[in-house]
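All values below were derived from every heavy atom in this structure, side-chain atoms included, with hydrogens, water molecules and symmetry-related copies excluded. Letters A, B, ... mirror the listed sequences (proteins, then strands); counts begin at 1.
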Protein chains: 2
Amino acid sequence: MARTKEFDPDAALQAALELFWRRGYEATSMADLVEGLGIARASIYATFGSKHELYLRALERYNEQHDPGLLAELSQPGPVLPAVRALVRRYAGMGDDDRKRGCFITNTAVELAPHDEAAARRVEVSYDHLETALTAALLRAEAQGELPAVREPRALARMLVVLLQGIRVVGKTAEGGPRVRDAAEQALTLLD
Amino acid sequence: MARTKEFDPDAALQAALELFWRRGYEATSMADLVEGLGIARASIYATFGSKHELYLRALERYNEQHDPGLLAELSQPGPVLPAVRALVRRYAGMGDDDRKRGCFITNTAVELAPHDEAAARRVEVSYDHLETALTAALLRAEAQGELPAVREPRALARMLVVLLQGIRVVGKTAEGGPRVRDAAEQALTLLD
DNA sequence: CTTATTCTGGACCGAACGGTCTTAAAAGTT
DNA sequence: AACTTTTAAGACCGTTCGGTCCAGAATAAG
C-alpha cells in the first residue's frame, strides 16, 4: 500500500554525477543538485542520505559505467596493442568539452583523496582495475609476440595509468589538446 | 607619517600558499586563512583584495619559487639527460606527505581551470615554462649526442610534462608511491 | 607631547551553506 | 469511495560563507 516513486533514482544519480563531474564536490551546492536532479531536496536526502554519500554513489556509478567498456576493449580476441593504442589515443583526442571535464576519478583524486578516506579508497580501486586490465592486456601481447619479451608489463601498465591521468589534467587547459596528443604518441612508442 | 606594517606580507602569502596547496580553493575558508596567516581578516582584504586574488597571488608565488630551480637544474653545463632523469625521479620519489599534497599547479588545473579563466591562464603559462625548459634541455642533449637524433624533443618534453602531472595525481593515493616510481622508470627508457 | 595617519582585531553584514521538518497531495488497498 | 501510507515541495533550521565596517591602538612627524 505504498505510493510509487515519482522520479527515477537512476536518472537522478546520473544527473548528480554530471554535476559533480563538471564542478567538483565543494563547488556543487545542494541547491545546484536540487535544480539539476529536478527533484525535491528532501527526496535527495531520503534517497541518498547526504551530499557526501551522493557523491560516493556517483563515483561508483561512474566506475560501473566505464569499467566494463574498458575491460571489453582490452580483452577482445586478436591483437591487443592496437586496442591499447586506440584507448590512449581516445583519451588524448577528446573534444574541448570532454577535455575540460576531465576524468571523474582524476578530479576526485585531486580534490578529495588527500582528506577523504572513502573517496581515496574508491580512487585506488579504480586505478587497480585499470592497471590490472592493462597488465593483463600487455601480458597477452607479450604471449602473442606483439611485445618484446624484454618489456615489463606491470610497470608499463602503471606508466599508462599515470599517463592517462596526466592527460586528463593537462587536457583541462586551452592548449591541452596538442600537448596531450604529442605526449600520447611519444609514450606509445614504448609499445613498439 | 604612516604606521609601519606589523606583519610580513611575504610570510602571509607563503602561509596562504601552504593552506590553498593542501586543501584546495573551495575547502579553504577565510576563517582558515585568518588563523593560518595569523593576521586580521581586514588586513588580508587590505593587502590582497579578495580570497580569489589571494589565491592567484599564491599561485604566482608558487611558480616564482619553483621555476628558477627547475630551469637551473635543466640548464647546468655538462650532460643533460642525468638531470632530466633526476628531475622525474624526484617527482616520483617524494615522501607520503609531499605526494599527498601534490603539485599546486596540478591541483589548480583540476579544481579551478575549467571555470576560472585567470587561474587557467596561469596554469597554462606554467606548463609552457616547463615544456620549454624540457625541450631546450632535450635539444641540448641531442646536440651533445646524448639523445638519438631520431627523437622529437618537443613531443618528448610534452610527454614528460603530462607524465609529471599524472605522477602528482596518482601519487595522491596510498599505493601511489610504487605506482608512480614504476611509471617514471618506464617513461624514462624513452630517453635511452 | 600632540596630532595626524594607518593599521589592527573583532563585531557585524546579508547570503548561501548542508540538512530537517511540516504540510498536503497522490497512490494502493480495501 | 474511504482510508492509510508515502511521497514531494518548500519553508525553515542553525551555521558558515566571503566580505565590510568601526572603534581603538600604535606610530611617525611636528
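Every residue two or more places apart in sequence or in another chain was checked for a side chain to side chain donor-acceptor pair (under 3.5 Å) with B:E142, and none qualifies. Annotation: salt bridge (Lys or Arg N to Asp or Glu O under 4.0 Å) contacts of B:E175 (sequence neighbours excluded): none. A:A133 pairs by the side-chain contact (heavy atoms from CB on, under 4.5 Å) definition with A:L71, A:L74, not counting sequence neighbours. Not counting sequence neighbours, the partners of A:D128 by the salt bridge (Lys or Arg N to Asp or Glu O under 4.0 Å) test are B:R179.
What separates CG of B:L37 from P of D:dG19 is a distance of 14 Å, to the nearest Å. The CG atom of A:L33 sits 15 Å away from the P atom of D:dA9 (whole-angstrom rounding). At whole-Å resolution of the value, CD1 in B:I39 and P in C:dG9 are 8 Å apart. Rounded to an integer number of Å, the gap from B:E35 CD to D:dC17 P is 12 Å. For the pair B:E53 CD and D:dG18 P, the computed distance is 15 Å after rounding to whole Å.
Along DNA chain C, the nucleotide nearest to B:A46 and the one nearest to A:A27 differ in position, and the one closer to the 5' end is contacted by B:A46.
An OP1 or OP2 oxygen of C:dT8 is reached within less than 4.0 angstrom by a side-chain nitrogen or oxygen of B:S43.
For the pair A:V110 and A:P114, the tightest heavy-atom approach, listed with the atom from each and the gap, is O-CD, 3.7 Å.
For residues 39-60 of chain A, the salt bridge (Lys or Arg N to Asp or Glu O under 4.0 Å) pairs, not counting sequence neighbours, are A:E60-A:R122.
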Pairs: protein N or O with nucleotides 18-22 of chain C N or O, under 3.5 Å:
residue : atom : partner : partner atom : Å
C:dG18  : OP1  : A:K51   : NZ           : 2.6
C:dG18  : OP2  : A:M30   : N            : 2.6
C:dG18  : N7   : A:R41   : NH1          : 3.3
C:dG19  : OP2  : A:Y45   : OH           : 2.8
C:dG19  : OP2  : A:K51   : N            : 3.2
C:dG19  : O5'  : A:Y45   : OH           : 3.2
C:dG19  : N7   : A:R41   : NH1          : 2.4
C:dG19  : O6   : A:R41   : NE           : 3.4
C:dG19  : O6   : A:R41   : NH1          : 2.7

